[in-house]
Amino acid sequence: MVRMGFIFLLMSNAASVSTQFNGFNCDANYHSRYPAERDISVYCGVQTITLKINFCPVLYSGYTAADLALNGHHSDAQCRGFINNNTFPTAVLFSISLSTLEACGNSLVVSTAYGTNAYGNMSLVQIGNVSGYIDTPDPPTIISYLPGLLYKFSCSYPLEYLVNNSQLASSSAAISVKDSNGTFVSTLSMILYNDSTYNQPLSIPMSGLALKTRVFAAVKATNLDKRWNILMDYCYTTPSGNPNDELRYDLFFGCYKDPQTTVFENGKSQMGRFSFEVFRFVKHRHQKMSTVFLHCVTKLCRADDCIMLIPICGRRRRRDGGQSPGSLPAASGNAIITAGPIITRSGMNPSADSKHSVNSMTAALIAGVVILGVVSVGLFLLLLRLLQKSRLPGDASSGVWNPSFK
């Protein structure tokens, strides 16, 4: 306690001159105390967890920045923080990469609960919790007059996200999930393709896609640790870009699947793949074009756990079609991306119409030529008969021999 009192006096004297102590931005009027819970700030990011500790109470307690380390790993330089003296008060920063979070002894626990997802459907939902602590080392003595410092932290990462990609005219549409409660995904994207090889991005003509054209969709995650897979929980379509539109048509959810929809891969890797045949919404019956927007509620699951999240059909129920989902809760971890629509032709194929008119004109022309040919042949035969009659002698018609001719 004598040592801490000495530091307090030094800080008080320094504060009378300036707000610095030993070159650090510390004010004795505010920071001459032991650390408290408010001295640590936790930022749960898309790729890293950032911890910010007020260094001044640490200094007052008799420690240096080198004495602070993650989860007791004081001998590992990578598990220690670094000083940021460009702020007031001076802070010690720790950065934890989600891809290597166990390197300094941080803990990852995934819990699974059976409940409703973002749209009211019964589903198994997983939540990943990353936790750990920052402490100071114990001295190699029997007693110590310095307090042991301990800062605990945790980040909760909901493993369900809404991928809403309606831009079928372009190759892809991706979203970077904001730093809120945290997410293991930095980018989710839904890309549409022309065929099952998933090599050629979908191209929509100016006149729109013909009805029943098969479209191939892929939901992908980038910058995602290998321990996670993608599980598409619910994919549906709406006539507008609003994922909460009351008018919707489900492609697949749980045990239900539209007859024209085929799921190729789900929960087995960091990509989900399916295909469906495009259609038109009846509400667009007076329009030449119909718009279809595609949305998917997507989960992350640990590779070993994905099989347990596959629905058991006897225990699941579909959401009532008349039920309108409410606004997504801010802490749900949902990420929404919106872009332009799939455009389908509500009427007949324009090229087919032109071919039909050309064929009609050709048929009429051929019929006219045939009729003209028949009339011409008839007139020719009639004229030939008249010419033959005009060449016959007049007496030959009686059939009596004239004796004057010898």
Stepwise side chain to side chain contact (heavy atoms under 4.5 Å, CB included) check, T291 with H284 = CA-CA 8 Å; T291 56; H284 296 150; 3.4 Å; yes

Taking all heavy atoms of Q260 and all of E277, pick out the closest pair and write down the distance.
-> OE1-OE1, 3.3 Å

Where the side chain of T237 meets the backbone of Y249, is there a donor-acceptor pair that is under 3.5 Å apart?
-> yes

For Y151, ring-ring contact (aromatic ring centres under 6.0 Å, His included) partners two or more places apart = none

Check whether any side-chain N or O of T48 sits under 3.5 Å from a backbone N or O of G45 as a donor-acceptor pair, and report yes or no.
-> no

Closest non-hydrogen atom pair, L146 against G62 = CD1-O, 4.2 Å

Any D258 side-chain heavy atom under 4.5 Å of D250 side chain | no

Rounded to the nearest 0.5 Å, the CG atom of D233 sits from the OG1 atom of T298 at a distance of 8.5 Å

Examine distances only and state if a side-chain atom of T238 and a backbone atom of D245 form a donor-acceptor pair shorter than 3.5 Å.
-> no

Do the rings of Y198 and F216 sit parallel, tilted or perpendicular, given the 30° and 60° boundaries?
-> perpendicular

Looking only at heavy atoms, what is the nearest atom pair of Y133 and G72, with distance?
-> CE1-N, 3.7 Å

Quick one: does V278's side chain get under 4.5 Å of K212's, heavy atoms only?
-> no

When rounded to the nearest 0.5 Å, the distance separating CG of L68 from CD1 of I134 is 7.0 Å

Nearest heavy-atom contact between S203 and N194 is N-OD1, 3.5 Å

Just by modelled atom types, is the Y63 backbone N or O under 3.5 Å from a matching donor or acceptor in the S61 side chain?
-> no

Tightest non-hydrogen contact, residues M232 and N266, listed as N-OD1, 2.6 Å

Flag, side chain of R248 to backbone of P243, donor-acceptor distance under 3.5 Å | yes

Hey, is the main chain of W228 close enough, under 3.5 Å, to the side chain of Q270 for a donor-acceptor pair?
-> yes

Verify whether the ring centers belonging to F253 and Y236 lie closer than 6.0 Å.
-> no

Is I96 close to C104 at the side-chain level, that is, under 4.5 Å between some pair of heavy atoms?
-> no

Can you tell me how far NZ of K152 sits from CD of E37, rounded to the nearest 0.5 angstrom?
-> 10.5 Å

Any chance you could measure L231, atom CG, to K268, atom NZ, to the nearest 0.5 Å?
-> 11.5 Å

Determine yes or no for a side-chain-to-main-chain donor-acceptor pair under 3.5 angstrom, with N229 supplying the side chain and R302 the backbone.
-> no

Pairwise side-chain contact, Y34 with P147, heavy-atom cut-off 4.5 Å (strictly under) = yes

Hey, does L70 have a side-chain heavy atom less than 4.5 Å from the side chain of F94?
-> yes

Where S240 and H295 come nearest, the two heavy atoms and their spacing | O-NE2, 4.1 Å

Give the intermediate values and the outcome of side chain to side chain contact (heavy atoms under 4.5 Å, CB included) for residues C235 and F274.
-> CA-CA 10 Å; C235 289; F274 66 96; 4.0 Å; yes

Please tell me if the side chains of K257 and L251 come closer than 4.5 Å, counting only heavy atoms from C-beta onward.
-> no

R33 bridged to D39 by N-O distance under 4.0 Å = yes

Can you run down the side chain to side chain donor-acceptor pair (under 3.5 Å) pairs that involve residues 69-81, sequence neighbours left out, and say none if there aren't any?
-> N71-N106, H74-D135

May I ask you to check whether over 12 heavy atoms, not counting those of Y30, lie within 6.0 Å of atom OH?
-> no

Could you tell me whether I307 atom CD1 has more than 12 heavy atoms of other residues or ligands within 6.0 Å of it?
-> no

Quick one: are the ring centres of F276 and F252 less than 6.0 Å apart?
-> no

Should L209 and V215 be marked as a side chain to side chain contact (heavy atoms under 4.5 Å, CB included) after you check the CA-CA gap, both sets of side-chain angles, and the distance that decides it?
-> CA-CA 10 Å; L209 293 173; V215 172; 4.2 Å; yes

Rounded to the nearest 0.5 Å, the CG atom of N129 sits from the SG atom of C155 at a distance of 8.0 Å

Side chains of F88 and D27 in contact at under 4.5 Å (non-hydrogen atoms) = yes

Side chains of K52 and V92 in contact at under 4.5 Å (non-hydrogen atoms) = no

Evaluate side chain to side chain contact (heavy atoms under 4.5 Å, CB included) for F55 paired with L93, printing each intermediate quantity in order.
-> CA-CA 9 Å; F55 178 60; L93 301 180; over 6 Å; no

Main-chain N/O of T50 paired to S95 side chain as donor or acceptor, under 3.5 Å = no

Quick one: list whatever passes side-chain contact (heavy atoms from CB on, under 4.5 Å) with N85, sequence neighbours left out.
-> F24, N25, I83, T90

Rounded to the nearest 0.5 Å, how far apart are CG of L108 and OH of Y157?
-> 10.0 Å

